[in-house]
Number of protein chains: 2
Amino acid sequence: MAQKNILQFIILGLINDHPQTGYELTKSFDNDIGEFWSAKHSQIYPQLKTLEEKQYLTHTMEVSGEKLERKRYSITPAGQHLLTAWIAEPTINQTNGKDEFVLKLYFIHDQTDPRLTTMLEEQLQYHTEKLTHLKNQLSKKFPDGGDPANFGHYLILSHAVSRETEYYDWLNDALKQI
Amino acid sequence: MAQKNILQFIILGLINDHPQTGYELTKSFDNDIGEFWSAKHSQIYPQLKTLEEKQYLTHTMEVSGEKLERKRYSITPAGQHLLTAWIAEPTINQTNGKDEFVLKLYFIHDQTDPRLTTMLEEQLQYHTEKLTHLKNQLSKKFPDGGDPANFGHYLILSHAVSRETEYYDWLNDALKQI
DNA sequence: CAAAAACATGTAATTAATTACATGTTCATA
DNA sequence: TATGAACATGTAATTAATTACATGTTTTTG
């Protein structure tokens with residue numbers, strides 16, 4: 001992809017919440033926000049370097065144990081300015097959802113195609129597990145519903161759950177129709 | 001992205017339905033399958049070339065009007081074999097969902113943040129239009145519900161509609177909560 | 001009939017993102 | 001105390017995808 005380097009803003013946003021290391025940021029992408037954006041450490045470390053060169057971040061060295069060093073990054077006022085500007089600007093970029101399975105389905109024209117059941121059931125299993133996991137996360141992180149101090153996080157987790165519910169329902173519906 | 005070249009299979013699938021030109025393929029990505037995969041012509045033409053070199057496609061020249069030439073690609077038996085193999089193999093999927101707006105939301109912690117309403121309403125307007133458009137498409141292409149001869153197409157359009165409905169409902173829900 | 005929109009096909013430059021390479025430390029546990 | 005999992009940080013090579021460059025034809029419409 002040749003996008004607008006959205007990753008930099010997400011990193012700034014995460015660090016704005018509290019100073020973090022590259023490793024911790026990587027974990028955030030795996031856990032909290034992975035449903036809506038992903039990035040590997042090989043993309044994160046160079047981006048941290050670039051953001052610091054541009055003075056949007058600074059870092060302090062930490063030592064854990066005897067000699068294991070790590071950099072904990074903090075956001076600068078310039079970084080905060082960039083972050084709020086990104087949030088404020090209208091989001092026109094409809095990032096393209098890509099779903100390999102759905103494309104495969106598109107090429108199966110006949111409702112009685114013997115491959116359909118297997119394919120749908122395979123996906124159903126995957127999405128059932130995913131839905132369970134997301135529901136667990138939601139009730140674990142927000143047992144009392146929307147937390148007013150973490151509203152954004154609550155909203156996107158809710159979205160993840162209902163999106164996954166839609167996928168699950170759609171697969172079941174499709175199976176009923178064959 | 002460094003994926004597994006899924007584009008080649010999609011092109012093979014589209015051409016398998018009927019011989020097509022690069023231009024027509026580009027339109028397919030814009031219209032029918034754009035909700036679940038997208039590709040620009042600058043990606044499609046080189047891929048057609050590669051697929052023909054590998055003997056998965058052949059082409060015949062066509063002339064429209066006086067001198068405007070175009071290549072109409074057909075799938076070869078080898079191409080069909082590759083296509084069916086792709087469809088048959090289990091889809092081990094990490095839905096590469098990236099949504100810039102949702103990420104912006106994540107960074108808004110306070111439920112009373114003055115930016116929330118504007119942001120959500122802006123998205124609501126966009127997704128309302130998109131939902132209307134998709135519903136129109138569905139009732140236009142499949143006025144009598146699931147067509148047994150175009151089942152895959154029906155399924156993915158249904159999915160697009162319910163997915164968009166979920167987004168719409170979620171945004172409305174969020175607005176009610178603030 | 002002129003202009004604009006749509007048709008039509010390619011390549012080049014650049015950016016984004018993944019996989020693989022490379023190295024070493026700390027912690028839990030068997 | 002060895003062994004493996006998790007911690008931790010980077011770079012290199014490669015692939016995917018977008019934007020921009022480049023050119024020309026046909027059809028529609030005012």
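Lettering of chains follows the sequences in order, A, B, ..., and the numbering in each one begins at 1.
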Heavy atoms only, 4.0 Å cut-off, all strands: where does T26(A) land among base, sugar-phosphate and nothing? nothing

Using heavy atoms and a sub-4.0 Å distance, could you list which residues of residues 43-54 of chain B are near DNA chain D? By number, please. Q43(B)

Quick one: L25(B) CG to dG10(C) P, roughly how many Å, whole number? 12 Å

What about T21(A): does its side chain form a donor-acceptor pair under 3.5 Å with the base of dT9(D)? no

Using the ring pair (Phe, Tyr, Trp, His ring centres under 6.0 Å) criterion, which residues pair with F142(B)? Sequence neighbours excluded. H153(B), Y154(B)

Exam field: side chain K27(B) to backbone G22(B), donor-acceptor pair closer than 3.5 Å: no

Rounded to the nearest Å, what distance is computed from the CG atom of residue N31(A) to the P atom of nucleotide dA6(D)? 13 Å

Within the distance-only criterion (no hydrogens, no angle test), does the side chain of E122(B) pair as donor or acceptor with the backbone N or O of M119(B) below 3.5 angstrom? no

If you pin V63(A) and E69(B) to their nearest nucleotides in DNA chain C, which one's is more 5'? E69(B)

Length of the OH-C1' vector between Y23(A) and dC7(D), whole Å: 5 Å

Once side chain to side chain donor-acceptor pair (under 3.5 Å) is applied, do any residues pair with N16(B), and if so which ones, sequence neighbours excluded? Q80(B)

Ignoring hydrogens and angles, state whether a donor on the side chain of E166(A) or H159(B) is under 3.5 Å from an acceptor on the partner side chain. yes

d(NZ, K71(A); P, dT25(C)) in whole Å: 17 Å

Polar contact flag, side-chain donor to acceptor under 3.5 angstrom, K71(B)-T60(B): no

From CZ of R72(B) across to P of dC7(C) the rounded distance in Å is 14 Å

Whole-Å distance separating the NE2 atom of H59(B) from the P atom of dT9(C): 11 Å

Under the ring pair (Phe, Tyr, Trp, His ring centres under 6.0 Å) rule, collect the residues that match up with F107(B), sequence neighbours excluded. none

Protein-nucleotide distance (L7(A), atom CG; dT18(D), atom C1'), rounded to Å: 17 Å

Restricting to nitrogen or oxygen on both sides, can you table the protein-nucleotides 23-25 of chain D pairs closer than 3.5 Å?
residue: dT25(D); atom: OP1; partner: K67(B); partner atom: NZ; Å: 3.2

Please determine if a side-chain N or O atom of K98(A) lies less than 4.0 Å away from the OP1 or OP2 oxygen of dA17(D). yes

Which nucleotide in dT11(C), dC7(D), dG10(D) has an atom nearest any side-chain atom of K27(A): dC7(D)

Working to the nearest 0.5 angstrom, can you tell me the gap between K135(A) NZ and T165(A) OG1? 5.0 Å

Just the rounded figure in Å: distance from P of dT19(D) to CG of N5(A). 14 Å

Which nucleotide wins on minimum distance to the side chain of H41(B), given the candidates dG10(D), dG10(C), dT18(C)? dG10(C)

Would you be so kind as to tabulate the donor-acceptor pairs closer than 3.5 Å made by side chains of residues 169-178 of chain B, with sequence neighbours excluded?
residue: W170(B); atom: NE1; partner: L155(A); partner atom: O; Å: 3.0
residue: N172(B); atom: ND2; partner: Y168(B); partner atom: O; Å: 3.4

